[in-house]
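To start, the structure under review is shown below, and the notes come after it.
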There are 2 protein chains.
Amino acid sequence: MRYKITLSYDGTGFCGWQSQPNGGSVQDAVEQAVFKLFGERSRVVGSGRTDAGVHALGQVAHFDCGKELPLKNVTGGLNAYLPSAVRVLSADAVSTDFDARKSAKRKTYMYLMFAGSPLPVLNDRVLFLPETPNMRELDEQAKKLIGTHDFATFMAAGGGAKTSVRTVYDARFERDGSFIEFYITANGFLYNMVRIIVAQLLKAERGGADIAELIEKRDRNCAKELAPACGLYLHDVVYGGENE
Amino acid sequence: MRYKITLSYDGTGFCGWQSQPNGGSVQDAVEQAVFKLFGERSRVVGSGRTDAGVHALGQVAHFDCGKELPLKNVTGGLNAYLPSAVRVLSADAVSTDFDARKSAKRKTYMYLMFAGSPLPVLNDRVLFLPETPNMRELDEQAKKLIGTHDFATFMAAGGGAKTSVRTVYDARFERDGSFIEFYITANGFLYNMVRIIVAQLLKAERGGADIAELIEKRDRNCAKELAPACGLYLHDVVYGGENE
């Protein structure tokens, strides 16, 4: 029996998604909850890793269990065993063809900023910007990301990707009062790609960079800055056949 | 030299505003920072208490110090000594006629709710509602609070107020996507008044209460529920002559 679950988490207190020998990851917490609910040890496979401090609004994962439970009980049962920083939003029964990582067709990340005085209730949840940026300039720069490009400039070492070519379907800024949101949708993301992109977009807004030129360089040395993890949210993952 | 400071804090880790023998309050944290910056022990007087877990976007306080520092250094210096959960947003030099508590003319509280699946990044910051409430019904009920009334129904024991008559200048609901905001402005608030009101407004929305009738009763036994502290924000405090 294969289950697909959609998860939201506050990444602040975790060492990231990926299981670690001493625990402390979101994956460890979910695997522990699966064990407590089903009485079976099962690997929980996520759509991809998120780094320490990165949040998720709609991470997707799958796991296999011999026992069959009503889906409502899977959601409620896992939430009963999970810390409040991780919530299962929904559970589905899927065929074993479904793989949360390999079947993912596109993912959207959101990067959340707040322009103005730092408000403590937003600590670890946004990047604080001292003033409201020029939204038109930001959005124009973001649009240059759209398309199939070699994003080597925006890839940190250690990700182990075979190719740095990715297709960005959409990249845009939205403003809601003092909140500035950057959304980027692609068929996949390189290691630290969104955080490197955000750092360059903010630099470009101040006239210190141009996204098209940076893509052309294919060299991380041209884009060394990394926006902090706390502003980054895995927004959603889309699989074949759905929402298309 | 009297300083007026405007503060924002995440109330989650504090036992409230009010100084406690063993520390752990916001007031204790601010007094500690004042001592470190000015080298003097000084009482920091807030516009009013906030309970454990209640947040502030614009709490106001005053304190006296013999030493005179540039206002920019007061803000920056206090922030350097304060934990990140408390931020000084601004500092002013005021006359000794100004008293953060006694001179306050009106205060606004916000109660923040989120309709939908609990998102962990909002834990301790909102009241989660299972579904979107009827905004028109909520707002109609809220409007019944406006005016000068005896709010005894909405007063918890232990506040020590001389009278339970207060003037509510405005009370309204706003919706921003999944966020539901309740704003209430008055010349003063009774102990737990906003949290008791919010619990009754949500009950009224489901047809189980009426605010006008509850005011009429003048009896807390008719309104025993208390909305959780984590949704409550002291929004701002207005003093004579300002913003009027």
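Owing to the predicted nature of the structure, the values given are computational and were not obtained by experimental measurement. Just so it is clear: chains get the letters A, B, ... in the order the sequence lines come, proteins before strands, and each one is counted from 1.
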Any idea which heavy atoms bring B:Pro118 and A:Leu89 closest together, and the distance?
O-CD2, 4.0 Å
In this structure, are over 12 heavy atoms from other groups packed under 6.0 Å from A:Tyr191 atom OH?
no
Does A:Glu68 have more than 12 heavy atoms from other residues, nucleotides or ligands lying within 6.0 Å of its CD?
no
Can you measure from CG (A:Leu122) to CZ (B:Arg87) and round to the nearest 0.5 angstrom?
13.5 Å
Residue part contacting chain B, namely of A:Asp176, when any heavy atom lies under 4.5 Å
side chain
Crowded around A:Arg2 CZ? As in, over 12 foreign heavy atoms under 6.0 Å?
yes
Straight-line distance of A:Asn123 CG to B:Tyr9 OH, nearest 0.5 Å
15.0 Å
For residues B:Arg125 and A:Val121, report the shortest heavy-atom separation together with the two atoms involved.
NE-O, 2.7 Å
Where do A:Ala85 and B:Pro120 come nearest, in terms of heavy atoms and distance?
O-CB, 3.1 Å
Is any side-chain heavy atom of B:Leu119 less than 4.5 Å from a side-chain heavy atom of A:Leu57?
yes
